[in-house]
*Asks:* 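Please see the structure below; I have some questions.
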2 protein chains.
Amino acid sequence: MEISVQELTEQLSQKGIRPSYQRIRVLEYLHRKEGGHPTAEEIYDFLVNEIPALSKTTIYNTIHTLTEAGLVRTIHIDNDEARYDITLHNHGHFQCVACGSITNFPIDIDRVQIDELSQFEVREKNVYFRGLCPNCLNPTSEEKELLK
Amino acid sequence: MEISVQELTEQLSQKGIRPSYQRIRVLEYLHRKEGGHPTAEEIYDFLVNEIPALSKTTIYNTIHTLTEAGLVRTIHIDNDEARYDITLHNHGHFQCVACGSITNFPIDIDRVQIDELSQFEVREKNVYFRGLCPNCLNPTSEEKELLK
DNA sequence: GTTCCTGCAAAAGCTTTGCAGAAGA
DNA sequence: TCTTCTGCAAAGCTTTTGCAGGAAC
C-alpha cells in the first residue's frame, strides 16, 4: 500500500518536524523499502538521482531526527553499517552471516515483561538472530559455481 | 568463581586454538568481567599494564578467534564500539540511553522457535532492550547537581 | 623448516562536527 | 529578522589490512 506525500507530511508535522522535501523523500523511501533495512549509503544512492545536490550529511541528519521522533528504527546488527527501517512492532531481524541479507520474522516481544526490569523504563525492544539463510544453506548449482 | 589458567588453556585447546599467553589473558579477563561487556579499549587498557608490548591489533585478532570458536559473544548494541562477553545463554542486554550502562537480564530466548525460520539455521540469538535505567530515572539529589 | 602468532604502522570506512549559505516562519 | 535546515569539507574513531619479526611445533 502506497503512502501519500500528504500522509508523510502529516506524520512529520504531528511530531513537530518541519516537513522539508528531503525529509519527506527519506521517509517515503523507507516506507517503500519497508522491511528492506537499507543503509545510509543505499538511501543516499537512490535519492541523489532525484535530488542531485543531496548530501550524505542530510541523510544522517534526517535519520537522526526521524529516529528521535520514533518514526524510524536504527538496527545495529553488525559492525559495518547501521541499517534503518520504519518503526514496526513485534518482529525480529535475522541476519545471514554468509550473504549479509536481513530477514524480518514475527516475534511477540512487545508483550514480554521481564520482572528484573521492573525498575527500568524500556523504550525499545530488539531481537537479532544470526545464522544461515535458506539460500546459503542450499545454494543452487549455479550459485555454487559462483562461490568457488 | 575464579577460573584457572589451566581450565582456560584447556578451553582453547579443545577448540583447536593455540593457548598463547595473550589469548589466555584476554579470555581470563572476559571471564572475570562476566556480564561487564567490556570494549576492546577496556580490555586493552587493563592488559597493557601486564603486557607492555601488547597491541590493540592482538586484542582484535584474539577476539575474532574467540568469537569464531563460540567462546565469546560480540554485542553490537549501539554504533560506538563493539562490546564483548563470554558466551552466556538465555539472557538479554539492556542499555540505558542516558548513561550507556549495559545490564543483563534473564530471558528464555534459546527455547523460542519461530515457524517462519524453519528453513534457516539459527546460530545466535540476541535480545537488546534500550531505555532508562533506574539510576537515570530517579537520580539522587547529588546526581541531579552533576547533571545541571 | 614451516606454520602460526604478535604488533607496528597505515589504511579503510562509517559517522559526526564545524561552518556558511539558503530556506522557511 | 530570526530560527531552522542543508550540504560541503574536514575531522574523529573504531576496526581492518599489510607486513616483518618472532615464537611454537
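Naming convention: chains lettered A, B, ... in sequence-line order (proteins, then strands); numbering from 1 in each chain. From a predicted model like this one, the values you see are computed outputs, not experimental measurements.
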*Asks:* Which angle, rounded to 10°, do you find between the first-five-pair axis and the last-five-pair axis of the helix from C/dG1-D/dC25 to C/dA25-D/dT1?
*Replies:* 30°
*Asks:* Could you check if a side-chain atom of B/His31 sits within less than 4.5 angstrom of a side-chain atom of B/Gln11, using non-hydrogen atoms only?
*Replies:* yes
*Asks:* For residues 44-53 of chain A, please give each side-chain donor-acceptor pair under 3.5 Å, one per line with the distance, not counting sequence neighbours.
*Replies:*
unit_1, atom_1, unit_2, atom_2, d
A/Asn49, ND2, A/Asp45, O, 3.4
A/Glu50, OE1, A/Arg25, NH1, 2.7
A/Glu50, OE1, A/Arg25, NH2, 2.6

*Asks:* Would you say the side chain of B/Ile43 lies within less than 4.5 Å of the side chain of B/Leu30, judging by non-hydrogen atoms?
*Replies:* yes
*Asks:* Check whether any side-chain N or O of A/Thr39 sits under 4.0 Å from OP1 or OP2 of C/dC14, and answer yes or no.
*Replies:* no
*Asks:* Expressed as a whole number of angstroms, how long is the span from A/Ile43:CD1 to C/dC14:C1'?
*Replies:* 14 Å
*Asks:* Whole angstrom is fine here: how far is it from CD1 in A/Ile63 over to P in C/dT15?
*Replies:* 8 Å
*Asks:* Side chains of A/Arg83 and A/Asp85, heavy atoms from C-beta outward: is any pair under 4.5 Å?
*Replies:* no
*Asks:* Hey, which of these two, A/Ser20 or B/Ala82, hits DNA chain D nearer its 5' end, going by closest nucleotide?
*Replies:* A/Ser20
*Asks:* Once the angle between the rings of A/Tyr128 and B/Tyr128 is folded into 0 to 90°, is it parallel (under 30°), tilted (30 to 60°) or perpendicular (over 60°)?
*Replies:* perpendicular
*Asks:* Determine: side-chain N/O of A/Tyr60 to OP1/OP2 of C/dT15, distance under 4.0 Å, yes or no.
*Replies:* yes
*Asks:* Could you work out, with ring pair (Phe, Tyr, Trp, His ring centres under 6.0 Å) as the rule, every residue matching B/Phe94, not counting sequence neighbours?
*Replies:* A/Phe120
*Asks:* What's the OH-P distance between B/Tyr21 and D/dA24, to the nearest Å?
*Replies:* 13 Å
*Asks:* Considering only nitrogen or oxygen atoms on both sides, find all protein atoms under 3.5 Å from nucleotides 7-9 of chain C and state each distance.
*Replies:*
unit_1, atom_1, unit_2, atom_2, d
C/dG7, OP1, B/Gln22, NE2, 3.4
C/dG7, OP1, B/Ala53, O, 3.4
C/dG7, OP2, B/Thr58, OG1, 2.6
C/dG7, O5', B/Ala53, O, 3.4
C/dC8, N4, B/Thr57, OG1, 3.2
C/dA9, N6, B/Thr57, OG1, 3.4

*Asks:* Start with the C-alpha distance between B/Glu41 and B/Lys56, add both sets of side-chain angles, then the distance that settles salt bridge (Lys or Arg N to Asp or Glu O under 4.0 Å), and finish with yes or no.
*Replies:* CA-CA 8 Å; B/Glu41 180 74 32; B/Lys56 219 181 257 182; 2.5 Å; yes
*Asks:* Check the distance between C/dT16's P and A/Ile59's CD1 and give it to me in whole angstrom.
*Replies:* 13 Å
*Asks:* Heavy atoms under 4.0 Å is the rule here; annotate nucleotides 19-25 of chain C 5' to 3' with B where the base is hit, S where only the sugar-phosphate is, and - elsewhere.
*Replies:* -----S-
*Asks:* Does B/His93 reach the side chain of B/Thr103, with side-chain heavy atoms less than 4.5 Å apart?
*Replies:* no
*Asks:* For the pair made of CZ in A/Arg83 and P in C/dC14, what is the distance, rounded to whole Å?
*Replies:* 11 Å
*Asks:* Side chains of A/Glu28 and A/Arg32: does their closest heavy-atom pair fall under 4.5 Å?
*Replies:* yes
*Asks:* Going by the rule side chain to side chain donor-acceptor pair (under 3.5 Å), which residues pair with B/Gln14 if we only count those two or more places apart in sequence or in a different chain?
*Replies:* none
*Asks:* Rounded to the nearest Å, what distance is computed from the CD1 atom of residue A/Ile17 to the C1' atom of nucleotide D/dC5?
*Replies:* 13 Å
*Asks:* Do B/Arg123 and B/Glu121 pass the salt bridge (Lys or Arg N to Asp or Glu O under 4.0 Å) test, and can you show the C-alpha distance, the side-chain angles, and the key distance before you say yes or no?
*Replies:* CA-CA 6 Å; B/Arg123 293 185 176 174; B/Glu121 181 186 313; 2.9 Å; yes
*Asks:* In this structure, how many angstroms lie between the C1' atom of D/dC13 and the CD atom of B/Glu42, rounded?
*Replies:* 15 Å
*Asks:* Between atom CD1 in B/Ile75 and atom P in D/dT14, what is the gap in whole Å?
*Replies:* 17 Å
*Asks:* Any side-chain N or O of A/His64 less than 4.0 Å from the OP1 or OP2 oxygen of C/dT16?
*Replies:* yes
*Asks:* Heavy-atom distance under 4.5 Å between the side chains of B/Ile3 and B/Ile86, does that happen here?
*Replies:* no
*Asks:* At under 4.0 Å between heavy atoms, what does B/His76 touch on the DNA or RNA strands: base, sugar-phosphate, or nothing?
*Replies:* nothing
